2 protein chains.
Amino acid sequence: MTTIKDIAQAVGVSCTTVSNVIHGKTGRVSEETIARIKEAIDTLGYVPNMSARSLVSSSSKVIGMISHLTSNKKESIVEDPFHSAFIGAIEKTLRENGYYLMLRTVETTSDLMNFLRTWNVDGLFCTGVFQDEFFEALSNLTIPVVLIDSYVSHPNICNVGLEDYDGGYIATRYLIDKGHEKIAFASPSIREKGVVFERFQGYKDALKEASIPFRQDLVFEQELDIDTTIALGSSLALRKDITAVFATADILAAGIMSGLKQAGKKVPDDISVIGFDDINLCRLTSPKLTTIHQDAPLKGKLAVYFMMDKLDNKPILNREVILPIHLVERESVKSLYQ
Amino acid sequence: MTTIKDIAQAVGVSCTTVSNVIHGKTGRVSEETIARIKEAIDTLGYVPNMSARSLVSSSSKVIGMISHLTSNKKESIVEDPFHSAFIGAIEKTLRENGYYLMLRTVETTSDLMNFLRTWNVDGLFCTGVFQDEFFEALSNLTIPVVLIDSYVSHPNICNVGLEDYDGGYIATRYLIDKGHEKIAFASPSIREKGVVFERFQGYKDALKEASIPFRQDLVFEQELDIDTTIALGSSLALRKDITAVFATADILAAGIMSGLKQAGKKVPDDISVIGFDDINLCRLTSPKLTTIHQDAPLKGKLAVYFMMDKLDNKPILNREVILPIHLVERESVKSLYQ
DNA sequence: TTGTAAGCGTTATCAG
DNA sequence: CTGATAACGCTTACAA
């Protein structure tokens with residue numbers, strides 16, 4: 001393994017000079033030395049040893065992508081097809097900026113702290129953080145933290161999120177405009193200050209605006225695994241009163257459609273369904289799923305931009321960016337008029 | 001940050017002793033010292049610094065999950081919903097064994113080498129490796145390499161794969177048994193010694209066995225992005241002669257079904273479709289997709305077991321494990337008889 | 001313009 | 001049973 005020392009010896013200079021050249025602190029080094037060092041680096045195939053760098057600088061160029069395992073969710077972040085969509089974008093952008101991505105699942109706050117110190121982690125991405133002890137810990141960190149899809153706020157922390165409230169509102173409003181009144185709300189568990197909570201508010205406000213009374217027995221909180229979503233669809237089929245359902249994730253919506261169909265119901269003729277996310281799946285179901293669109297790769301890219309600005313100590317003008325959503329009309333909602 | 005030195009001072013012993021206790025080299029240390037050291041570790045919150053460890057031991061507990069960017073594929077591994085299914089399993093199992101997972105996309109062989117040396121990477125996972133210069137480089141590494149879904153073989157390298165040939169054969173045979181003869185083969189590009197190549201052989205052999213002539217104009221090599229798959233479906237609808245299509249990935253199959261439907265064809269009445277992988281999507285399309293099942297999380301788990309055995313220098317009895325597949329009959333294939 | 005030397009946290013060797 | 005000490009590769013004052 002070629003080290004700085006090897007380069008220094010080969011060229012006949014000191015380690016300092018080599019190190020300086022490597023870091024572009026080239027002010028005090030002659031053109032010729034620079035050239036010879038650069039050549040030696042190439043021919044000897046020098047690669048910096050990050051462990052050594054990290055040891056001396058207590059910074060590692062490692063960015064952690066953290067999946068916080070809450071008690072009920074057993075699998076790690078990458079299980080979720082939606083999340084995996086932007087993790088690719090994150091790796092790419094980080095790499096282009098000279099950083100490395102570590103994936104890590106943590107269960108407790110101290111798991112997280114240990115991880116950070118084990119590697120001198122330089123920065124952190126997290127998704128779906130709530131107002132709890134874990135968030136508390138995050139906000140006390142000295143390294144940059146960028147949250148994705150989280151409704152918790154702190155001066156130290158950047159957020160990239162979505163118009164979730166608007167999404168919930170627009171989806172519901174769309175159903176109402178099509179003449180629906182008995183609109184079910186299906187989602188994973190609605191936790192305060194969470195993405196789903198926001199969409200839920202949008203749903204309720206749209207109802208209220210249309211003077212449709214909110215009914216608690218129309219909200220269905222479910223796990224997102226395929227069996228439960230399909231089962232939910234089947235049981236929804238039994239509810240004669242419901243004419244439409246707003247599901248806060250496309251995979252949920254698709255599962256419901258499948259269950260509905262299994263129970264002999266036709267979408268959208270018997271019951272309308274609208275989703276959220278606009279993943280590819282929406283174009284593969286039949287009927288194709290009407291949904292609220294969001295741009296997942298852009299989310300990832302923006303998250304990394306935030307991260308880079310913070311790592312470079314650039315001033316952050318705005319800690320939050322909220323990406324727009326819009327409705328994509330396809331075939332899963334029927335108008336009750338005419 | 002608490003270091004070994006801090007612990008040593010607190011307890012009143014040397015760093016060596018602390019280090020020994022940490023590593024269970026406890027033979028030569030008194031019970032009492034051990035207890036006191038352990039307590040100090042707890043109360044002071046000591047966490048080992050991996051950079052330092054890595055520096056001195058040239059091993060880092062970092063395992064790389066490599067995505068090899070070939071010229072045509074632009075995005076990184078995690079973009080693929082299928083791959084993300086087992087990457088979660090990998091992170092989990094690695095973590096349980098005290099390792100860390102780095103995700104990294106590389107374009108060239110030297111990118112890879114640089115990455116390895118930068119971090120003293122202890123082991124590597126790769127998917128979809130072909131017989132090329134990149135593989136050459138992998139097989140010359142001194143660290144454990146575990147390949148997933150690759151048909152290249154080398155004494156240094158472990159493989160976890162699938163009965164791809166059988167899958168291709170069984171899928172095709174199933175269609176033939178249902179009376180189909182004009183069976184299209186749809187897949188991403190068929191590269192020698194690749195997963196798809198094997199499935200293709202299975203397809204051809206099943207045809208041959210049934211004395212159905214193989215026709216090159218029935219094979220469709222396509223990208224897997226949703227637009228092209230749907231377009232393929234639509235264009236397949238124009239081919240009056242085809243009665244069934246075997247797609248080597250469920251996302252492909254689903255796209256084709258969608259395109260077919262868009263072009264006014266009914267699956268399976270007008271044309272039958274069979275997929276491969278058995279991802280959740282299969283139960284969300286309508287008709288539900290008949291497919292070849294594989295166990296993706298198990299793949300991930302086994303890959304890690306291989307990795308652990310190699311890292312522990314356990315003897316590897318068998319460098320290859322081939323997971324079984326089986327047919328899952330759903331609704332997308334129609335029998336042409338009666 | 002370049003070099004010396006200390007030190008980052010850990011482990012391993014060898015000597016008490 | 002325990003402790004010095006050197007070494008891993010790199011950066012950074014400080015010297016020259």
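Treat the numbers as computed from the prediction; the structure is a model and nothing was measured. Naming: A, B, ... by sequence-line order, numbering from 1 per chain.
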Q. On the ring face of Y151(A), is K193(A) found with NZ or CZ under 6.0 Å from the centre and within 45° of the axis?
A. no
Q.
Within 45 degrees of the ring normal and closer than 6.0 Å to the centroid, is that where the cationic atom of K61(A) sits relative to Y99(A)?
A. yes
Nucleotide nearest [X] when distance is taken to its side chain, options [options]:
X: S19(B); options: dT2(D), dT11(C), dT2(C); result: dT11(C)
X: K25(A); options: dG9(C), dT12(D), dT11(D); result: dT12(D)
X: P48(B); options: dT1(C), dC8(C), dT10(C); result: dT10(C)
X: H23(A); options: dC1(D), dT11(D), dG3(C); result: dT11(D)

Q. Do NZ/NE/NH1/NH2 and the carboxylate oxygens of D149(B) and K299(B) come within less than 4.0 Å?
A. yes
Q | Check ion pair R191(A)-D132(A) (N to O, under 4.0 angstrom) | A | yes
Base, sugar-phosphate, or nothing: which does [X] touch, judged by heavy atoms less than 4.0 Å apart?
X: S54(B); result: nothing
X: S51(A); result: nothing
X: S57(A); result: nothing

For the pair made of [atom1] in [X] and [atom2] in [N], what is the distance, rounded to whole Å?
X: I34(B); N: dC1(D); atom1: CD1; atom2: P; result: 9 Å
X: I4(A); N: dG3(C); atom1: CD1; atom2: P; result: 13 Å
X: N120(B); N: dC10(D); atom1: CG; atom2: C1'; result: 13 Å
X: I37(B); N: dG3(D); atom1: CD1; atom2: C1'; result: 12 Å
X: M50(B); N: dT10(C); atom1: CE; atom2: P; result: 11 Å
X: I7(B); N: dG9(C); atom1: CD1; atom2: C1'; result: 12 Å
X: M1(A); N: dC8(D); atom1: CE; atom2: C1'; result: 10 Å
X: E32(A); N: dT1(C); atom1: CD; atom2: C1'; result: 12 Å

Q: Verify the distance criterion only: is there a donor paired with an acceptor across the side chains of N120(B) and S54(B) at less than 3.5 Å?
A: yes
Would you say a side-chain N or O of [X] is under 4.0 Å from OP1 or OP2 of [N]?
X: R53(B); N: dT11(C); answer: yes
X: T3(B); N: dG9(C); answer: no
X: T17(A); N: dG3(C); answer: yes

Q. Below 3.5 Å, does any donor atom in the side chain of T16(B) face an acceptor in the base of dA12(C), or the other way round?
A. yes
Q) Does G12(B) or N20(A) map to a spot on DNA chain D nearer the 5' end, using the closest nucleotide for each? A) G12(B)
